[in-house]
Amino acid sequence: MPELAEVAYYCSLWSPGKGRRIKRVQTHGATRCFRESSGESVENKLRGRTLKDSRTHGKRMLFQFSKGAWLGLHLGMTGKLVIRKPFEELQKHDHLALETSAGWLVFNDPRQFGKVELFQSEDLPDEWANFPLEILSLEFNYKYFEQLLGRRKRAVLKSLLLDQTLFPGVGNWMADEILWKARIRPDRRLESLSTTELKALFDTLKFVCRGAMKYVATDYSDPPKSWLFRHRWKPGGICPKTREDLSRSEIGGRTTCWSPAWQR
DNA sequence: ATGCATGTTACATG
DNA sequence: ACATGTAACATGCA
């Protein structure tokens, strides 16, 4: 589920907890989400701390607590954040739940591809200090974009867009949306693009990220029907531009949807 | 029962 | 160094 905008949305769901003390922490200690650390260490670290701030970068989330404690979350494929009422029963895949006076701040993830990690530092943790530029930042301009692609001439576009070190936050549906909007086939290689196409790719990259933030990040509403998003998973889905059938196949290990009559 | 899923990583291979 | 393919992870859904 979660890409750039979905992550921003879920992150915002914990905002009612800001400024509140963590009265109690519940975990299911040994689930995969905790990786090398344990649920117990997370409990000990966060109990009694106050949630001060939160941020996202691409698909990652970071929560800052008092006394230099930081909680990093990645939602994987099926993770989400949710608030449960103070006396509400926790559910089956609630791996981490922080009790505050505003209710439980819950991380839920059935498939457990998500990840929970703790950092201890006064300032932003080192792991977060050197991330690539965010796509929607001002500094992520066309010149930077060209420079990013410098060594990747042979790469297939679909795979390239999914590279989190280049385009943090772009996931499967956004990559397809970007290529569809730019009218470029997902199986093309970077080296085959004309200057015009490269510029179109940059513009649609920004466009799709902005649109995703506008629609999805605010209240989890779907993008409009003019987007591929609304048609790509429907059996017999139709391209909103040509009204013709969409195609689907695996590219770079991921199911990919495109419009053969529209994309070249 | 089968196949598939908005993600990442490790590993083998070219 | 770059690129590709596969498996693995663990669960729910059609």
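Proteins get letters first, then strands, A, B, ... in listed order; numbering begins at 1 in each. Just so it is clear, the structure is predicted and the values come from calculations on it, not from any experiment. No hydrogens, no waters, no symmetry mates; every other heavy atom, side chains included, goes into these values.
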Using a cut-off of strictly less than 4.0 Å, decide whether [X] has a side-chain nitrogen or oxygen near OP1 or OP2 of [N].
X        : N      : result
A/His93  : C/dA10 : no
A/Lys153 : C/dA3  : no
A/Thr78  : C/dG12 : no
A/Lys59  : B/dT8  : yes

NA contact type, [X], heavy-atom cut-off 4.0 Å: base, sugar-phosphate, or nothing?
X        : result
A/Lys115 : nothing
A/Ala155 : sugar-phosphate
A/Thr31  : nothing
A/Gly253 : nothing
A/Arg248 : nothing

Across all strands, who's sitting opposite C/dA1 as a Watson-Crick or G-U wobble pair, both distances under 3.5 Å? none

Watson-Crick or G-U wobble mate for C/dA10, both contacts under 3.5 Å: none

Pair [X] + [Y], salt bridge at N-O below 4.0 Å:
X        : Y        : result
A/Lys18  : A/Asp53  : yes
A/Lys158 : A/Asp187 : no
A/Glu197 : A/Arg188 : yes
A/Lys153 : A/Glu191 : no

Starting the side chain at C-beta, find the nucleotide from [options] nearest to [X].
X        : options               : result
A/Thr255 : B/dA5, C/dG12, C/dA10 : B/dA5
A/His74  : B/dA5, C/dA3, B/dT8   : B/dT8
A/Pro110 : C/dA3, C/dG12, C/dA10 : C/dG12
A/Arg32  : C/dC9, C/dC2, B/dT8   : C/dC9
A/Met77  : C/dG12, C/dA3, B/dA5  : B/dA5
A/Arg111 : C/dG12, B/dA5, C/dT4  : B/dA5

Given atom [atom1] of [X] and atom [atom2] of [N], what is their separation to the nearest angstrom?
X        : N      : atom1 : atom2 : value
A/Asp163 : C/dA3  : CG    : C1'   : 12 Å
A/Gln112 : C/dG12 : CD    : C1'   : 13 Å
A/Asp187 : C/dG5  : CG    : C1'   : 17 Å
A/Leu75  : B/dT8  : CG    : P     : 10 Å
A/Leu157 : C/dA3  : CG    : C1'   : 14 Å
A/Asp109 : C/dG12 : CG    : C1'   : 12 Å
A/Arg254 : C/dT6  : CZ    : C1'   : 14 Å
A/Arg35  : B/dA10 : CZ    : C1'   : 13 Å

Hey, would you say the A/Trp70 and A/Phe63 ring centroids sit under 6.0 Å apart? no

Ring centers of A/Tyr10, A/Tyr220 separated by less than 6.0 Å: yes

Measure the distance between the ring centre of A/Phe113 and the centre of the six-membered base ring of B/dT8, then answer whether it is under 5.5 Å with planes under 30°. no

Per nearest nucleotide of DNA chain C, the residue lying toward the 5' end, A/Arg154 or A/Glu250, is A/Arg154

Pairwise side-chain contact, A/Leu166 with A/Arg152, heavy-atom cut-off 4.5 Å (strictly under): yes

Distance between P atoms of B/dT8 and C/dA1 (Å, rounded): 23 Å

